[in-house]
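See below for the structure under consideration.
No hydrogens, no waters, no symmetry mates; every other heavy atom, side chains included, goes into these values. Source: prediction; values computed, not measured. Note on naming: letters A, B, ... go to the chains in the order of the sequence lines (proteins, then strands), and numbering restarts at 1 for each one.
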Protein chains: 2
Amino acid sequence: MATSTVENYVKQIYLLQPQAGPSHLVAMGELAAALAVVPGTATSMIKTLAEAGLVDYEPRAGVRLTSRGEKLALHVLRRHRLVELFLVQTLKMDWAEIHDEAEQLEHVISDRVLERIDALLGHPTVDPHGDVIPSAAGSMPRRRLVALHDLEPGTSGVVGRIADQADAFLQFIDQQELRPGRGLEVVARDTLGRMVRARLDHGREVSLGFGAAAKIEIEV
Amino acid sequence: MATSTVENYVKQIYLLQPQAGPSHLVAMGELAAALAVVPGTATSMIKTLAEAGLVDYEPRAGVRLTSRGEKLALHVLRRHRLVELFLVQTLKMDWAEIHDEAEQLEHVISDRVLERIDALLGHPTVDPHGDVIPSAAGSMPRRRLVALHDLEPGTSGVVGRIADQADAFLQFIDQQELRPGRGLEVVARDTLGRMVRARLDHGREVSLGFGAAAKIEIEV
DNA sequence: TTCAAGATTTTGACTACTCAAAATACAAAC
DNA sequence: GTTTGTATTTTGAGTAGTCAAAATCTTGAA
Ligand SMILES: [Mn+2]
Ligand SMILES: [Mn+2]
Ligand SMILES: [Mn+2]
Ligand SMILES: [Mn+2]
């Protein structure tokens with residue numbers, strides 16, 4: 001069985017490899033920084049993962065997941081995201097505090113427990129941040145989302161995903177009532193002033209600079 | 001923060017030290033067997049725990065928890081038992097499969113999550129096996145339970161705890177509808193034949209040999 | 001009192017991470 | 001075509017657990 005460390009490494013490589021494009025290599029420095037270890041640690045650990053057939057390692061170039069590695073990464077991601085949703089939905093936890101909890105729980109949730117949680121939540125497809133939950137089979141449907149600052153006035157849609165998941169930004173989104181699922185219509189867009197204004201589905205209006213709006217992805 | 005290993009050791013020492021009586025020492029061999037490690041491993045690990053102030057170690061005699069060690073043990077036990085109840089109650093899992101799940105989960109449940117689960121379950125006092133759940137403050141009320149085979153005919157009570165928690169026995173208890181909470185009245189007791197007969201609160205009657213009845217503890 | 005059996009501890013070795021610091025490779029600038 | 005800066009790898013060392021097997025108690029019989 002894969003240790004927590006191994007699971008964290010493959011999950012992180014998966015998250016760092018760009019969504020589109022042909023299988024691109026993840027640089028060791030980038031991986032080490034994301035996992036908060038020194039580069040030498042990442043190098044030695046990656047050799048172990050390559051040995052185990054979870055990654056392809058090209059010295060001085062980077063790593064890429066093998067199909068076995070990607071399968072494991074998606075399984076960990078499924079556990080992580082279902083747990084996050086469970087914590088918010090069932091245990092009514094604050095959405096800023098769930099990530100760290102899920103970071104630990106993702107390694108000890110058995111398949112039996114996982115499928116129970118999935119059933120309890122009604123087989124959800126996205127987590128509280130709007131990230132897609134991989135299916136038990138390991139497939140992950142791609143969604144068409146557009147950044148809020150790219151929407152023309154008059155366009156309406158639903159908040160689909162919050163791209164910046166730092167505590168402070170999540171707290172801000174909560175304040176502004178812009179959590180995934182919220183419907184909205186863009187009422188103004190000022191490219192020179194670099195800001196957008198949107199009317200939410202319960203009437204309230206919010207103004208955001210392009211910097212913030214870029215991190216809010218909309219399902220049109 | 002204590003590692004899973006440390007938590008398992010202190011919890012196991014707690015469970016092995018006899019409920020009543022003055023602080024008795026737990027033998028290394030007994031501890032090693034319960035934790036499924038070789039005796040030498042237990043010895044070296046216990047030295048580490050003694051170093052950390054969690055146990056008092058008397059070479060060639062045994063170990064005893066310090067008050068800090070007991071506090072940690074009770075905290076782990078609270079997590080274990082609340083998780084077990086949660087798995088049965090909320091996730092509708094089979095009570096024979098919950099122990100191993102709880103064995104892992106008990107090490108990664110934060111206090112925040114734990115208190116949420118506690119609230120969701122309505123601040124329960126016993127787990128699915130009838131074991132008392134320590135309070136958040138670390139107190140554990142003692143219950144007065146009598147083994148079923150010691151009850152005189154005519155006595156009635158409620159199943160309080162199943163002392164033998166091996167899978168097979170739990171399955172049997174389930175079959176016989178004798179889970180904790182079930183009311184019953186002893187209708188016959190044969191000391192020579194070494195068996196008892198009880199009428200359950202929904203009418204059904206069951207006969208048990210003293211060997212099995214001894215493992216079913218009743219709240220009179 | 002002596003001794004053998006059983007329990008316990010010690011020793012030496014191994015796995016899985018991890019870091020600090022030195023060595024090396026690469027690529028871009030001069 | 002060097003030089004220099006940055007990323008990466010290597011080396012050496014340490015922590016936490018674990019086992020196999022040898023050494024060492026302790027104790028109850030003989
Ligand atoms: Mn994790
Ligand atoms: Mn998420
Ligand atoms: Mn455990
Ligand atoms: Mn239990």
Side-chain angles (χ1 to χ4, degrees), chain A residues 1-13 16-18 24-65 68-69 72-73 76 100 103-104 106-108, chain B residues 1-14 16-18 23-65 68-69 72-73 76 100 103-104 106-108:
Chain A
M1 247 280 293
T3 63
S4 298
T5 304
V6 168
E7 291 189 344
N8 285 332
Y9 272 76
V10 296
K11 185 185 65 169
Q12 197 59 62
I13 293 166
L16 288 175
Q17 71 192 177
H24 150 113
L25 291 170
V26 174
M28 300 308 278
E30 194 184 7
L31 179 60
L35 291 167
V37 294
V38 300
T41 299
T43 299
S44 84
M45 196 62 207
I46 284 303
K47 286 183 186 168
T48 307
L49 298 205
E51 198 67 29
L54 294 168
V55 301
D56 284 331
Y57 170 47
E58 294 182 19
R60 309 232 166 232
V63 264
R64 187 194 346 267
L65 293 174
R68 277 194 49 224
L72 176 57
V76 177
D100 294 339
E103 200 54 56
Q104 300 307 313
E106 66 188 359
H107 309 296
V108 297
Chain B
M1 246 283 293
T3 63
S4 298
T5 303
V6 168
E7 291 189 344
N8 284 333
Y9 272 76
V10 296
K11 186 186 68 169
Q12 197 58 64
I13 294 166
Y14 183 89
L16 288 176
Q17 71 192 178
S23 58
H24 150 114
L25 291 169
V26 173
M28 301 307 278
E30 193 184 8
L31 178 60
L35 290 166
V37 294
V38 300
T41 299
T43 299
S44 84
M45 197 60 206
I46 283 303
K47 285 181 182 169
T48 307
L49 298 206
E51 198 67 30
L54 294 168
V55 300
D56 284 331
Y57 171 48
E58 294 182 20
R60 308 228 168 234
V63 265
R64 188 194 345 264
L65 293 174
R68 278 195 48 226
L72 176 57
V76 178
D100 295 338
E103 200 55 56
Q104 301 307 314
E106 67 188 357
H107 309 295
V108 296

Mind listing the closest non-hydrogen atom pair of [X] and [Y] along with its distance?
| X | Y | result |
| --- | --- | --- |
| B:Ala42 | B:Ala32 | CB-CB, 3.9 Å |
| A:Gly69 | A:Val10 | O-CB, 4.1 Å |
| A:Leu72 | A:Ala2 | CD2-CB, 4.0 Å |
| B:Ala34 | B:Leu16 | CB-CD1, 4.1 Å |

Original post:
Using a heavy-atom cut-off of 4.0 Å to chain B, what are the terminal contacting nucleotides of DNA chain C, in 5' to 3' order?
Top reply: C:dA7 to C:dT10
Original post:
If you look only at pairs with a residue in residues 2-13 of chain A, which of them pass as a salt bridge (Lys or Arg N to Asp or Glu O under 4.0 Å), with sequence neighbours excluded?
Top reply: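 Residue pairs passing salt bridge (Lys or Arg N to Asp or Glu O under 4.0 Å), neighbours aside: A:Glu7-A:Arg79, A:Lys11-A:Glu103, A:Lys11-A:Glu106.
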**OP:** Answer yes or no: does a side-chain N or O of B:Tyr9 lie under 4.0 Å from OP1 or OP2 of D:dT18?
**Re:**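 It does, given that an N or O in the side chain of B:Tyr9 lies less than 4.0 Å from OP1 or OP2 of D:dT18.
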Original post:
Side-chain N or O of B:Thr3 less than 4.0 angstrom from OP1 or OP2 on D:dA16?
Top reply: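 So the side chain of B:Thr3 is outside the cut-off, no N or O lying under 4.0 Å from OP1 or OP2 of D:dA16.
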**OP:** Could you identify which residues of residues 43-60 of chain A place a heavy atom less than 4.0 Å from some atom of DNA chain C, listed by residue number, or say none?
**Re:**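 Heavy-atom cutoff 4.0 Å gives A:Ser44, A:Met45, A:Arg60.
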Original post:
Among residues 27-38 of chain B, which residues get a heavy atom nearer than 4.0 Å to DNA chain C?
Top reply: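 The stretch gives B:Ala27, B:Met28, B:Gly29 as the residues lying under 4.0 Å from the strand, ordered by number.
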Subject >> Partners passing side-chain hydrogen bond (donor to acceptor under 3.5 Å, both in side chains) against A:Gln104 (at least two apart in sequence or in another chain) >> reply: none
Subject >> Non-neighbouring partners of B:Gln12 that pass side-chain hydrogen bond (donor to acceptor under 3.5 Å, both in side chains), sequence neighbours left out >> reply: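 Expected list: none.
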**OP:** With heavy atoms under 4.0 Å as the rule, sort B:Thr41 into base, sugar-phosphate or nothing.
**Re:**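 The residue B:Thr41 makes base contact.
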Original post:
Who pairs with B:Glu30 by salt bridge (Lys or Arg N to Asp or Glu O under 4.0 Å), at least two apart in sequence or on another chain?
Top reply: none
**OP:** Check side-chain contact (heavy atoms from CB on, under 4.5 Å) between B:Thr5 and all other residues, then give those that pass, not counting sequence neighbours.
**Re:**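 In terms of side-chain contact (heavy atoms from CB on, under 4.5 Å), with neighbours along the sequence ignored, B:Thr5 is linked to B:Thr3, B:Tyr9, B:Met45.
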Let me have the donor-acceptor pairs involving side chains of residues 48-57 of chain B, under 3.5 Å, with sequence neighbours excluded, atom names and distances please.
unit_1  : atom_1 : unit_2  : atom_2 : d
B:Thr48 : OG1    : B:Ser44 : O      : 3.3

